[in-house]
Amino acid sequence: MIYFDHAASSYPKPPEVVQAVSEALTDYGANPGRGNYALAEKAANVINETRQELAHFFGLSNPNRVIFFQNATMALNQAILGFPFQKRDHVITTTFEHNSVRRPLEACVLEKGIDVTYIRIRDGEFHEEKWSEALRDNTKLITVTHASNVTGELMPLDAISQFAKQHNIPLLVDASQTAGVLSINMEKMGIDLLAFPGHKSLLGPQGIGVLLIGEEVELNPLVYGGTGAHSESRNQPEALPYKFESGTVNTPGIAGLLAGLRVVKERTLEAIRKHEIELANECFHQLNMIDGIDVYGKADVGVVAFSIKGVDSHEIAMILDQHYQIAVRAGLHCAPLAHEQLETLNTGLIRVSFGFTNTKEEVDTFIDAIKEINQYY
Ligand SMILES: Cc1ncc(COP(=O)(O)O)c(C=O)c1O
């Protein structure tokens, strides 16, 4: 079986991750922060270590501002729904956002009366006039995905960050497709809020996502409850991470994420990116040479999207799965505005995405399968 859906979740997980999850379940499966006995402390130590390593890896000075959630979607919801918007406040974002950004924004439009401007990014370029035109006196947040999960295109993050800083507007970055592939330093890159999943390129298990909250940002919690600290208080504690982490956290998921992060560090971001880009470029160019196939984007990360002669993308994905045992993702990839811009809303696109364990031979097998399928249409 060939697995080409790493943009959705990386698979298989490294043995170090499997072992770390298993150890958390078998060796110290107590409730972190809820007991002062050795097992609970061991769990709490692993969690604190993970906060520290993540803070250091992503350029945030205070590890207590590393908050764990069950996925990137929940981390993004916390950042957006928890943002202290007033009626008629305004947000600038892009047409490449995942529904995990777009839907909480649209919920704020309905529930809080904010306005959202979606900027069309083309070829990863920043056009100052578009952003200046969108800017309002009450623009309170800019939110952008680092790379499109449809086309693999990088957004012009440096220019967007400079624009945000110039106008004193906090910047939220959805690093779902880049955390664990590209170097991201919040302080150096002017990022105020950074959200990412633990289960994609950081190689952790499913059920873990992270939000890093810069020193200058104040958010309201979305969930209230027991935090294992400040129990005497009637109200949710103000201290982080407790303010945003009510209830028992996912200790096995966090332990797995720590192991995944260490594997990434050992392999190095440079080697990971080089390998994934080589596969993506190879795939991109080979697909481009086949008559009747349209390839989209420019594979800045290990993601390539294409269509075959206007055929529904689900049909092709089903054939790939059932006849060739190749797993790819079809459809709109939870990013309908990107498909609207690419004019692929009706058929969707077939998306292949690569991980460190994929090989050039697998790409060749895939291309042979596509050539064969293409003959029948
Ligand atoms: C760009 C982007 N944002 C957000 C998400 C949501 O991630 P999760 O499934 O961890 O909630 C994804 C997942 O595909 C994504 O690609």
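This one's a predicted model, so the numbers in the text were calculated from it and none came from an experiment. Atoms within a ligand are numbered from 1 in the order they appear, just like the ligands themselves. Any value given below was found using the heavy atoms of this structure, including those in side chains, with hydrogens, waters and symmetry copies removed.
You'll find the side chain of Cys283 reaches within 4.5 Å of the side chain of Phe366, heavy atoms only.
Taking any N or O of Ser100, backbone or side chain, none lies under 3.5 Å from an N or O belonging to ligand 1. Checked by distance only, ligand 1 and Ala72 come closer than 3.5 Å through their nitrogen or oxygen atoms. At under 3.5 Å, not a single nitrogen or oxygen of Thr145, backbone or side chain, sits near a nitrogen or oxygen of ligand 1.
The protein heavy atom nearest to atom 11 (O) of ligand 1 is Thr73 OG1, 2.4 Å. Of all protein heavy atoms, the one closest to atom 16 (O) of ligand 1 is Gln177 NE2, 2.8 Å. With respect to atom 15 (C) of ligand 1, the closest heavy atom belonging to the protein is His98 CD2, 3.3 Å. The protein non-hydrogen atom at the shortest distance from atom 3 (N) of ligand 1 is Asp174 OD2, 2.6 Å.
His98 has its ring centre no less than 6.0 Å from the ring centre of His333. Note: Phe306 and Phe284 fail the aromatic proximity criterion, with ring centroids not under 6.0 Å apart.
At a 4.0 Å heavy-atom cut-off, ligand 1 touches His199 through the side chain alone.
Here Arg262 pairs with Glu49 in a salt bridge; the nearest charged N to carboxylate O distance falls below 4.0 Å. Using a 4.0 Å cut-off between charged nitrogen and carboxylate oxygen, Glu97 and Arg102 do not count as a salt-bridge pair. The residues Asp294 and Lys309 are annotated as not salt-bridged, no charged nitrogen and carboxylate oxygen being separated by less than 4.0 angstrom.
Residue contact annotation: Met74 has no non-hydrogen atom under 4.0 Å from ligand 1. The closest approach between Lys200 and ligand 1 falls below 4.0 Å for a heavy atom of the residue.
His6 and Tyr3 have perpendicular rings, their planes meeting at more than 60° on a 0 to 90° scale where under 30° would count as parallel.
Comparing heavy-atom distances from atom 4 (C) of ligand 1 across Pro197, Ser176, Ala7, Ala195 singles out Ser176 as nearest.
Atoms of ligand 1 found under 4.0 Å from any heavy atom of Asn71, numbered from 1 in the order shown, are 8 (P), 10 (O), 11 (O).
Asn71 contributes no side-chain N or O that, together with a main-chain N or O of Gly207, makes up a donor-acceptor pair within less than 3.5 Å.
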